[in-house]
Amino acid sequence: MEQRVVSLVVISDMICPWCYIGHTELANAIEAVSDLPLTIKVEYRPFKLQPSLKDDQVHVKREWYLQRFGKEKSAAIEQMVTARAKQLGININYEGTITQTTRAHRVSLKAWKLGGQPFQEAFINALHKAYFEQGRALGDFEVLGEIAEATGVMSKEETVKFLESDDCLEEVEAMSAEARKKGVTGVPFVIIDGRWAVIGGQTAEVYTQIFRKLAQTEKAAPLSSASAEACPC
């Protein structure tokens, strides 16, 4: 049977724990359908949940959640995220800081330009682990440089030099603004073949069902949209 190409655009933000969860679930789903006649291509695009945050602003993560959601809701969110993440072998750490993600998005976009999906996915995987599990600062030049170097995107020195320039800055801002313009209000937001949307940290089973349906149809068949927990603006 001829391979069908399925293109996914994943709009996400690195400070969103549901994006880490959704990213992991999607990867598990793609692995689960490796026997199907599908070539699944994934591209990650930027979204800034807190566009008013300046690049050099730093907030203590727990304090930021408390200020934004209040004590009760913040605790409920943490409990829900932690439990769901543990099911995937992810140990979410709520220590550390919240910063703007423009710099991380720029390196992610640069990774895509340099090496496509393999480079971008490797960088995002490592960045998620560094931020959510190790509490590292995702706006720090040195941290981003170390992650880029470890994943083969660029050397640490090249990454720092890149971040000191304006390379990819305009594109990241434009992509994030375009997503908002098109109605994206929470992430992750996955667009399948430019036609259907899957919103929030969906389970691998949801994606697997979609992929199996696509594998059974020669032409694009209507799919119902799906939504789950997401990081809101």
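FYI, side chains are in, hydrogens and waters are out, and symmetry mates aren't considered; it's all heavy atoms of this structure.
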Is any side-chain heavy atom of [X] less than 4.5 Å from a side-chain heavy atom of [Y]?
X	Y	result
Leu8	Lys41	no
Leu214	Ile192	yes
Arg68	Gln50	yes
Met154	Lys161	no
Ile30	Val42	yes
Asn91	Phe132	no

Give every donor-acceptor pair under 3.5 Å between a side-chain atom in residues 69-77 and any protein atom, sequence neighbours left out.
none

So, Lys48 and Thr102: side-chain donor and acceptor under 3.5 Å apart, yes or no?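 On atom types as modelled, these side chains qualify, holding a pair under 3.5 Å.
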Go through the side-chain N and O atoms of Glu25 and Thr203 and say whether any donor and acceptor fall under 3.5 Å apart.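 Thr203 and Glu25 do not have a side-chain donor-acceptor pair below 3.5 Å.
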Under 3.5 Å donor-acceptor, [X] side chain and [Y] backbone:
X	Y	value
Gln67	Trp64	no
Arg106	Glu170	no
Ser176	Glu173	no
Asp193	Val6	no
Gln120	Ala111	no
Glu43	Val9	no
Glu133	Asn93	no
Thr82	Gln79	no

Should the pair Glu178-Arg180 be classified as a salt bridge under the 4.0 Å nitrogen-to-oxygen rule?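 No.
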So does Asp13 pair up with Arg45, basic N to acidic O under 4.0 Å?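 Here Asp13 does not pair with Arg45 in a salt bridge, since their nearest N and O are not under 4.0 Å apart.
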Minimal non-hydrogen separation, [X] against [Y], with atom names:
X	Y	result
Thr151	Ala122	CG2-O, 3.3 Å
Cys19	Pro188	SG-N, 3.6 Å
Asn28	Ala204	CB-CB, 4.1 Å
Ile147	Ala126	CG2-CB, 3.7 Å

Out of curiosity, does [Y] fall in the hydrophobic cluster containing [X] (side-chain heavy atoms, cut-off under 4.5 Å, transitive links)?
X	Y	value
Ile191	Trp112	no
Leu66	Ile98	no
Met80	Ile21	yes
Leu138	Leu169	no
Val206	Leu36	yes

Gap separating the [atom1] atom of [X] from the [atom2] atom of [Y], nearest 0.5 angstrom:
X	Y	atom1	atom2	value
Tyr20	Met14	OH	CE	13.0 Å
Ile90	Lys129	CD1	NZ	8.5 Å
Thr101	Ile15	OG1	CD1	5.5 Å
Phe141	Leu163	CZ	CG	5.0 Å
Ile199	Trp18	CD1	CH2	15.0 Å
Glu63	Thr97	CD	OG1	11.5 Å

Please name all residues satisfying side chain to side chain donor-acceptor pair (under 3.5 Å) with [X], sequence neighbours left out, ordered by chain then number.
X	value
Glu158	Ser155
Asp167	Lys110
Glu142	Lys156

Results of salt bridge (Lys or Arg N to Asp or Glu O under 4.0 Å) for Lys113 - residues two or more places apart only: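 So Lys113 forms a salt bridge (Lys or Arg N to Asp or Glu O under 4.0 Å) with Glu171.
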With sequence neighbours left out, write down each residue that passes salt bridge (Lys or Arg N to Asp or Glu O under 4.0 Å) with Glu149, or none if nothing qualifies.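 Partners of Glu149 by the salt bridge (Lys or Arg N to Asp or Glu O under 4.0 Å) criterion come out as none, since no residue qualifies.
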Sequence neighbours left out, what passes side-chain contact (heavy atoms from CB on, under 4.5 Å) with Ala32? Give chain and number order.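 Here the qualifying residues are Thr208.
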List in chain and number order the residues that pass ring-ring contact (aromatic ring centres under 6.0 Å, His included) with [X], two or more places apart in sequence or in another chain; answer none if no residue qualifies.
X	answer
Phe119	none
Phe189	none
His23	Tyr44, His128

Kindly determine whether Cys168 and Phe162 satisfy side chain to side chain contact (heavy atoms under 4.5 Å, CB included), including the steps that lead there. CA-CA 9 Å; Cys168 292; Phe162 161 77; 4.0 Å; yes
Ring-face cation of Lys61 near Tyr131 (centre distance under 6.0 Å, axis angle within 45°):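 Flagged: Lys61 positioned over aromatic ring of Tyr131.
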Under the criterion side chain to side chain contact (heavy atoms under 4.5 Å, CB included), I'd like the reasoning laid out for Val187 against Leu49: C-alpha separation, chi angles, the key distance, then a yes or no. CA-CA 8 Å; Val187 288; Leu49 284 167; 3.8 Å; yes
After noting the C-alpha distance and the side-chain angles of Trp196 and Ile210, does the key distance pass the side chain to side chain contact (heavy atoms under 4.5 Å, CB included) rule? CA-CA 10 Å; Trp196 310 288; Ile210 292 171; over 6 Å; no
Transitive ILVMFWY cluster of Val172 at side-chain heavy atoms under 4.5 Å: who else is in it?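 Taking Ile, Leu, Val, Met, Phe, Trp and Tyr as members, Val172 shares its hydrophobic cluster with Leu109, Met175.
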Start with the C-alpha distance between Phe123 and Leu144, add both sets of side-chain angles, then the distance that settles side chain to side chain contact (heavy atoms under 4.5 Å, CB included), and finish with yes or no. CA-CA 9 Å; Phe123 174 75; Leu144 292 171; 4.1 Å; yes
Show every salt bridge (Lys or Arg N to Asp or Glu O under 4.0 Å) that has at least one partner inside residues 88-104, sequence neighbours left out.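 Qualifying pairs, neighbours excluded: Asp56-Arg103, Arg62-Glu95.
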